[in-house]
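As structure tokens, the structure follows; a few thoughts come after it.
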Amino acid sequence: MSASKHWIERGLTCVAKTYGRYPLVAASGEGCWLTDVDGKKYLDFLAGVAVNSLGHCHPKVVAALQEQAGKLLHCSNFYHIPQQIELAELLCRHSFGDRVFFCNSGAEANEAAMKLVRKHSAEKHGVNRFEVITALASFHGRTLGTISATGQEKVRAGFAPMVPGFKYVPFGNIQALRTAINPNTCAIMLEPVQGEGGVNVPPAGYLQAVRELCDEKGLLLVFDEVQVGCGRTGSLFAYQHDNVEPDIMTLAKALAGGPPIGAMIAREQYAETLGPGTHGSTFGGNPLMAAAGLAAMRVLIEDGVLDNCVTMGDYLRQQLETLKEKYDFIIEVRGRGLILGMELSIDGGEMVKTALERGLLINCTVGKVLRFLPPLTVSRDEIDQMLDILDGILIEYREKNND
Ligand SMILES: *Cc1c(COP(=O)(O)O)cnc(C)c1O
């Protein structure tokens, strides 16, 4: 029996069934390549769903972890943690924000944001003003609070009752947003580009119009940049493309280049709402993850990764557009930087399985949008290798369906 088969069978007996897993058993990774326990190599255009943005095991992140691991692994937030302070300074210096709350995941970062907007609104406007408007096809996490915020029925199914106080509007439609606002609305929470919902980029001017609406109505604007922050779109944060600043932003996924971390960044006037005892996390901002975050963010900012993301993003997008001209079942190519989606008129699930067999990791969201999330350090040659495999799969699909 192969090592892969051995592990898959063992996992079936004891690991929770929360994921529909593909038959790949991960062993090691380097750059854009993942190797399984039988030594098969995969070209990784999923990158841990936008986590491994610097490639697998970036040497500077690994070195920071190794060094910190020998000094101090954990220290309570009852005390001061230099690595956490340095990472907070860096994030504030490079964003609109003034203060950072650290946690361990995207859902936790969004929970912190939602607690902040509720408390701020209650203190300023009274306890009834707690509604948050989010978008249809959004994704904000898997906790009870964040599935309540998520505008996708399938994520909420079976877990009623939801946390009250959320309303969903079509993404990209400013009139729908204006209509949904009522006296109990306290905030609007959006992904600047929707990831899980199918790689949806809003129309030009939308985020600016949302910002103006928030200012007009006295609402807080929260950007969930868990997936599209930290360089994924070619700027450090996605909001920087649109010339708007939120009041609160959440980060996680790529923030530490692989290890788990989350962050909620807020302007001073709102951050002060969460005073001592109002919120917390045992592990949030621990020395180990903060050291990794600091190393990863420095690589992102100083080592030309953003420039590579822009150049390779343009190249990959052009090449995907070329495929669109070739196959009539490709409806649209969209995205920004290195989060790109290819919408098909057919189911993409089988293509993802075939790609895996041929040594390529991609993913499919909402059934028919192939999503490409390679490390931001990807090379032109690696993109060409990916396109060769993809084109082969698309040709076979067309041939099979023309017979
Ligand atoms: C992945 C994701 C989350 C949830 O992050 P977890 O770390 O899985 O809790 C939240 N928001 C967006 C936009 C995401 O892509």
Side-chain angles (χ1 to χ4, degrees), residues 16 18-21 46-53 101-117 132-152 154-156 159 163 166 168 171-172 187-202 207 210 221-233 237-239 241 246 248-265 281 283-286 289 292-293 296 335-341 363-366 369 371-374 376:
T18 44
Y19 310 96
R21 295 181 198 262
L46 179 62
V49 195
V51 170
N52 300 304
S53 280
F101 172 80
F102 288 104
C103 51
N104 314 285
S105 68
E108 283 177 65
N110 287 333
E111 289 282 350
M114 296 186 302
K115 281 180 72 176
L116 193 165
V117 298
V132 177
I133 301 175
T134 66
L136 289 167
S138 61
F139 182 78
H140 298 295
R142 295 288 194 166
T143 61
L144 261 182
T146 55
I147 62 171
S148 302
T150 292
Q152 295 189 61
K154 69 166 192 232
V155 168
R156 299 192 298 265
F159 299 109
V163 174
F166 294 96
Y168 322 107
F171 187 55
I188 294 170
M189 179 161 82
L190 297 170
E191 298 156 82
V193 175
Q194 290 185 330
E196 298 307 306
V199 189
N200 304 314
V201 183
L207 295 177
V210 174
L221 179 58
V222 182
F223 282 161
D224 177 345
E225 293 221 14
V226 168
Q227 184 157 156
V228 295
C230 302
R232 179 54 54 186
T233 63
F237 303 113
Y239 74 81
H241 289 283
I248 297 169
M249 171 170 71
T250 55
L251 300 174
K253 292 203 164 93
L255 180 53
I261 190 169
M264 182 207 53
I265 304 176
S281 164
F283 289 125
N286 67 75
M289 295 312 147
R336 188 167 271 169
L338 281 170
I339 172 166
L340 292 167
N363 146 275
C364 179
T365 61
V366 295
V369 180
R371 182 170 45 164
F372 304 91
L373 295 165
L376 309 182

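In listed order, ligands and their atoms are each counted from 1.
Here the closest heavy-atom approach between residue Ser138 and residue Glu191 is recorded as CA-OE2, 3.2 Å. Taking each heavy atom of Gln227 and Gly195 in turn, the nearest pair found is OE1-CA, 3.7 Å.
For Phe283, the CZ atom sits in a loose shell: 12 or fewer heavy atoms of surrounding residues, nucleotides or ligands are nearer than 6.0 Å.
At a heavy-atom cutoff of 4.0 Å, ligand 1 is surrounded by Ser105, Gly106, Ala107, Asn110, Phe139, His140, Gly141, Glu191, Asp224, Val226, Gln227, Lys253.
The side chain to side chain donor-acceptor pair (under 3.5 Å) test applied to Thr134 returns no partner, not counting sequence neighbours.
Counting only heavy atoms from C-beta outward, the side chains of Thr146 and Glu111 approach each other to under 4.5 Å.
Within the model, atoms CE of Met249 and CE of Met189 stand 14.5 Å from one another, a figure rounded to the nearest 0.5 Å.
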